[in-house]
Q: 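What follows is a structure written as structure tokens; I'll ask about it next.
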Amino acid sequence: MNLNDIKDLMAQFDQSSLREFSYKNGTDELQFSKNEARLVSEVVAPVAPAPVLATPSPATPTSAPAEPVTEEVAATAEASVAAEGDVVESPLVGVAYLAAGPDKPAFVTVGDSVKKGQTLVIIEAMKVMNEIPAPKDGVVTEILVSNEEMVEFGKGLVRIK
């Protein structure tokens with residue numbers, strides 16, 4: 001395996017949602033992992049994004065002070081306020097499905113009332129379909145995954161209030 005092949009694999013791995021990758025072929029052996037960064041991010045508390053300042057271009061006069069761009073910050077704050085409730089996390093690694101089939105309706109949508117034990121999502125792991133039930137009665141305030149998205153252990157799936 002030449003250096004360009006390795007660099008290409010590294011770039012593809014970096015852009016993918018895979019957490020680990022290993023390759024063996026005769027005497028060649030490669031292992032890539034993103035798991036160390038995940039452990040660090042779990043320990044560090046999330047930080048709110050800093051406001052972005054609008055800077056004037058060199059061609060414009062600089063007499064006016066830079067103004068903070070608040071639309072992005074307001075949208076982030078609005079999203080966090082709008083989505084209330086407890087997050088139902090993935091108990092395993094696999095592919096999340098929001099409906100029983102491509103032509104079937106979604107198990108739940110935002111605003112639906114759910115009962116404890118009702119199926120919220122299905123996660124396929126090793127060709128086994130695992131139903132993820134609602135842990136309590138409530139109302140779905142947010143769906144945190146998209147259909148056929150690869151999910152990790154502990155990733156938020158649905159928020160129930």
Side-chain angles (χ1 to χ4, degrees), residues 1 3 5-52 72-161:
M1 179 173 281
L3 186 58
D5 291 339
I6 295 171
K7 286 181 180 179
D8 184 45
L9 279 173
M10 288 174 61
Q12 289 180 17
F13 175 74
D14 190 40
Q15 297 298 320
S16 75
S17 63
L18 294 174
R19 302 294 308 162
E20 292 185 18
F21 173 78
S22 62
Y23 170 81
K24 292 180 185 179
N25 184 12
T27 59
D28 297 332
E29 181 175 356
L30 292 174
Q31 291 184 342
F32 302 133
S33 176
K34 296 179 188 175
N35 289 334
E36 288 181 28
R38 183 173 183 228
L39 293 176
V40 172
S41 67
E42 289 176 355
V43 175
V44 178
V47 179
V52 179
E72 183 178 330
V73 175
T76 304
E78 208 174 278
S80 65
V81 170
E84 296 177 349
D86 299 326
V87 174
V88 177
E89 296 180 345
S90 175
L92 65 159
V93 175
V95 178
Y97 294 101
L98 302 178
D103 56 341
K104 304 285 185 187
F107 292 115
V108 293
T109 57
V110 175
D112 285 355
S113 293
V114 294
K115 298 287 184 193
K116 181 178 180 177
Q118 180 179 340
T119 301
L120 301 171
V121 186
I122 288 180
I123 297 181
E124 177 187 7
M126 298 177 62
K127 304 293 181 194
V128 175
M129 300 297 185
N130 301 281
E131 292 182 359
I132 308 303
K136 64 178 187 176
D137 292 354
V139 176
V140 175
T141 58
E142 188 177 13
I143 297 177
L144 303 168
V145 294
S146 58
N147 194 41
E148 298 183 9
E149 178 180 336
M150 182 71 178
V151 295
E152 298 287 328
F153 173 80
K155 172 155 174 52
L157 302 171
V158 176
R159 189 180 305 268
I160 299 176
K161 177 180 172 187

Q: Taking atom CG of N130 and atom CG of L92, what is their separation to the nearest 0.5 Å?
A: 5.0 Å

Q: Considering only heavy atoms from C-beta outward, does the side chain of I123 approach that of V95 to under 4.5 Å?
A: no

Q: Can you check whether S90 reaches I132 side chain to side chain, under 4.5 Å on heavy atoms?
A: no

Q: We want to know whether Y97 and E148 form a side-chain donor-acceptor pair, criterion being a heavy-atom distance below 3.5 angstrom.
A: no

Q: With I160, which of T141, V114, D137 fulfils side-chain contact (heavy atoms from CB on, under 4.5 Å)?
A: V114

Q: In Å and rounded to the nearest 0.5 Å, what is the CG to CG distance from L157 to L144?
A: 7.5 Å

Q: Is the shortest side-chain heavy-atom distance between P133 and T119 below 4.5 Å?
A: no

Q: Start with the C-alpha distance between E142 and V158, add both sets of side-chain angles, then the distance that settles side-chain contact (heavy atoms from CB on, under 4.5 Å), and finish with yes or no.
A: CA-CA 6 Å; E142 188 177 13; V158 176; over 6 Å; no

Q: Does any N or O in the side chain of Q15 come within less than 3.5 Å of the main-chain N or O of Q12, such that one atom is a donor and the other an acceptor?
A: no

Q: Side-chain polar contacts of residues 105-113 - donor-acceptor pairs under 3.5 angstrom, sequence neighbours left out - could you list them?
A:
from : atom 1 : to   : atom 2 : distance (Å)
T109 : OG1    : D112 : OD1    : 3.0
T109 : OG1    : D112 : OD2    : 3.1
D112 : OD2    : T109 : N      : 2.8

Q: Would a 4.5 Å heavy-atom cut-off, applied to side chains only, mark M150 and V93 as touching?
A: yes

Q: Which residues pass the salt bridge (charged side-chain N to carboxylate O under 4.0 Å, His left out) test with D86, sequence neighbours left out?
A: K136

